[in-house]
Amino acid sequence: MVVLPSPFSDISRVPLMYERPSDVQVLNRLTSKLGCGATFWIKRDDSNSGLAGGGNKIRKLEYVLADAIAQGADTLVTTGGIQSNHMRQTSAAAAHLGLNVALFPRDLVPFNDTEYSYAGNVQLNQILGAEVFPVDTSEEEVIQTLKSRGNQPYPIPSGASLHPLGGLGYARAAFEILEQEKQLDVNFDTIVTAVGSGSTLGGLVAGFKLAENRGLLSRKKRLLGFSIGHKKANMAEIVLRIARTAADKIGLKAEDITEDDFEISDEFLGDAYGVLNTRTMDGIKELARAEGILTDPVYTGKAFTGLLSMAKSGKLATGNVLFLHTGGQVAMSAYPQLK
Ligand SMILES: *Cc1c(COP(=O)(O)O)cnc(C)c1O
């Protein structure tokens with residue numbers, strides 16, 4: 001049972017995940033294969049929900065969609081790259097709650113495989129009944145169209161991150177992790193995640209800061225994000241802003257959060273957002289073959305490759321390292337070059 005301090009506990013949330021915390025598992029075979037001194041763990045937010053594959057956006061949408069419902073919205077409006085996991089999870093959550101969804105994808109990724117334009121998340125959006133506007137339609141145009149039909153649109157920014165409630169899902173996840181530490185009798189010294197639009201890491205930063213502030217944290221954690229899109233300085237600025245917005249809502253002051261509360265690396269983003277390179281493919285296969293666990297080509301594969309590289313170069317020599325698996329495997333079939 002996750003217990004949140006007040007006033008965080010008063011903020012409404014619509015349950016979209018399984019009722020239990022997402023699993024935390026130890027990666028025994030990988031840990032002994034790497035043999036670097038640290039023990040590696042994984043938190044399975046890639047299977048946190050029964051809704052169309054789940055993933056980290058489901059966790060954020062628990063707070064965002066509670067607000068959409070409170071506002072009387074009937075149509076969720078959101079965007080992302082063509083293979084956006086966020087659009088797919090929003091489509092699934094909308095169907096689950098009896099809402100419509102309108103998507104306006106953006107052409108962000110130079111792709112060669114035709115599968116990119118129809119397989120993976122694109123296929124699932126259609127099955128889930130999303131209305132998909134042509135690529136690069138503007139948000140304004142979508143909202144106008146919906147209003148002219150008499151709908152009540154509710155816009156959600158890309159990845160739900162810049163939504164005022166976007167960081168709350170992962171702020172809550174911080175308390176879930178603390179609860180799991182007690183049950184497993186372990187302390188996670190380092191937590192590693194992929195960073196895209198920023199509210200997964202930003203939310204964790206705010207949540208752990210609240211725990212520290214209320215005396216619930218025995219030792220400060222190292223929170224490390226591997227950026228899969230923005231360069232380091234830009235990404236850090238976005239994460240800081242999101243963490244501060246969340247902090248202000250859950251019982252802290254915005255200034256309680258500083259740039260020293262987290263780290264960003266952009267060394268593993270590869271050529272560009274959504275573009276796969278050989279190093280990432282090797283990292284994906286290394287985890288898959290050591291543990292039978294799949295990461296995704298756009299986010300977790302790159303972040304896990306970063307983690308592997310740190311372990312191998314002696315930068316993770318002690319303690320317990322928790323990799324937050326944020327999902328995304330649905331996009332695998334859009335990347336047939338990965339094999
Ligand atoms: C969106 C996404 C991320 C990045 O999370 P942000 O909160 O946008 O930084 C990581 N992994 C997967 C699989 C995602 O879909």
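Order of appearance sets the numbers: ligands from 1, and atoms from 1 within every ligand.
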**Request:** Could you tell me whether the side chains of Lys43 and Ser22 share a donor-acceptor contact shorter than 3.5 Å?
**Result:** yes

**Request:** Among Phe40, Phe323, Trp41, find the one that has a ring-ring contact (aromatic ring centres under 6.0 Å, His included) with Phe188.
**Result:** Trp41

**Asked** Are side-chain N/O atoms of Asn121 and Asn85 paired as donor and acceptor at under 3.5 Å?
**Response** yes

**Asked** If you measure only the distance, is there a donor-acceptor pair under 3.5 Å linking the side chains of Thr31 and Asn28?
**Response** no

**Request:** For the pair Phe175 and Phe8, name the ring-plane relationship: parallel under 30°, tilted 30 to 60°, perpendicular over 60°.
**Result:** perpendicular

**Residues forming a ring-ring contact (aromatic ring centres under 6.0 Å, His included) with Phe208, sequence neighbours excluded** = none

Report each N/O pair between ligand 1 and the protein that falls under 3.5 Å, naming both atoms.
{"residue": "ligand 1", "atom": "5 (O)", "partner": "Asn56", "partner atom": "ND2", "Å": "3.0"}
{"residue": "ligand 1", "atom": "5 (O)", "partner": "Thr200", "partner atom": "OG1", "Å": "3.3"}
{"residue": "ligand 1", "atom": "7 (O)", "partner": "Lys60", "partner atom": "NZ", "Å": "2.5"}
{"residue": "ligand 1", "atom": "7 (O)", "partner": "Ser199", "partner atom": "N", "Å": "3.4"}
{"residue": "ligand 1", "atom": "7 (O)", "partner": "Thr200", "partner atom": "N", "Å": "2.9"}
{"residue": "ligand 1", "atom": "7 (O)", "partner": "Thr200", "partner atom": "OG1", "Å": "2.7"}
{"residue": "ligand 1", "atom": "8 (O)", "partner": "Ser197", "partner atom": "N", "Å": "2.8"}
{"residue": "ligand 1", "atom": "8 (O)", "partner": "Ser197", "partner atom": "OG", "Å": "2.5"}
{"residue": "ligand 1", "atom": "9 (O)", "partner": "Gly196", "partner atom": "N", "Å": "2.7"}
{"residue": "ligand 1", "atom": "9 (O)", "partner": "Ser197", "partner atom": "N", "Å": "3.2"}
{"residue": "ligand 1", "atom": "9 (O)", "partner": "Gly198", "partner atom": "N", "Å": "2.8"}
{"residue": "ligand 1", "atom": "11 (N)", "partner": "Thr326", "partner atom": "OG1", "Å": "2.6"}
{"residue": "ligand 1", "atom": "15 (O)", "partner": "Lys57", "partner atom": "NZ", "Å": "2.9"}
{"residue": "ligand 1", "atom": "15 (O)", "partner": "Asn85", "partner atom": "ND2", "Å": "2.9"}

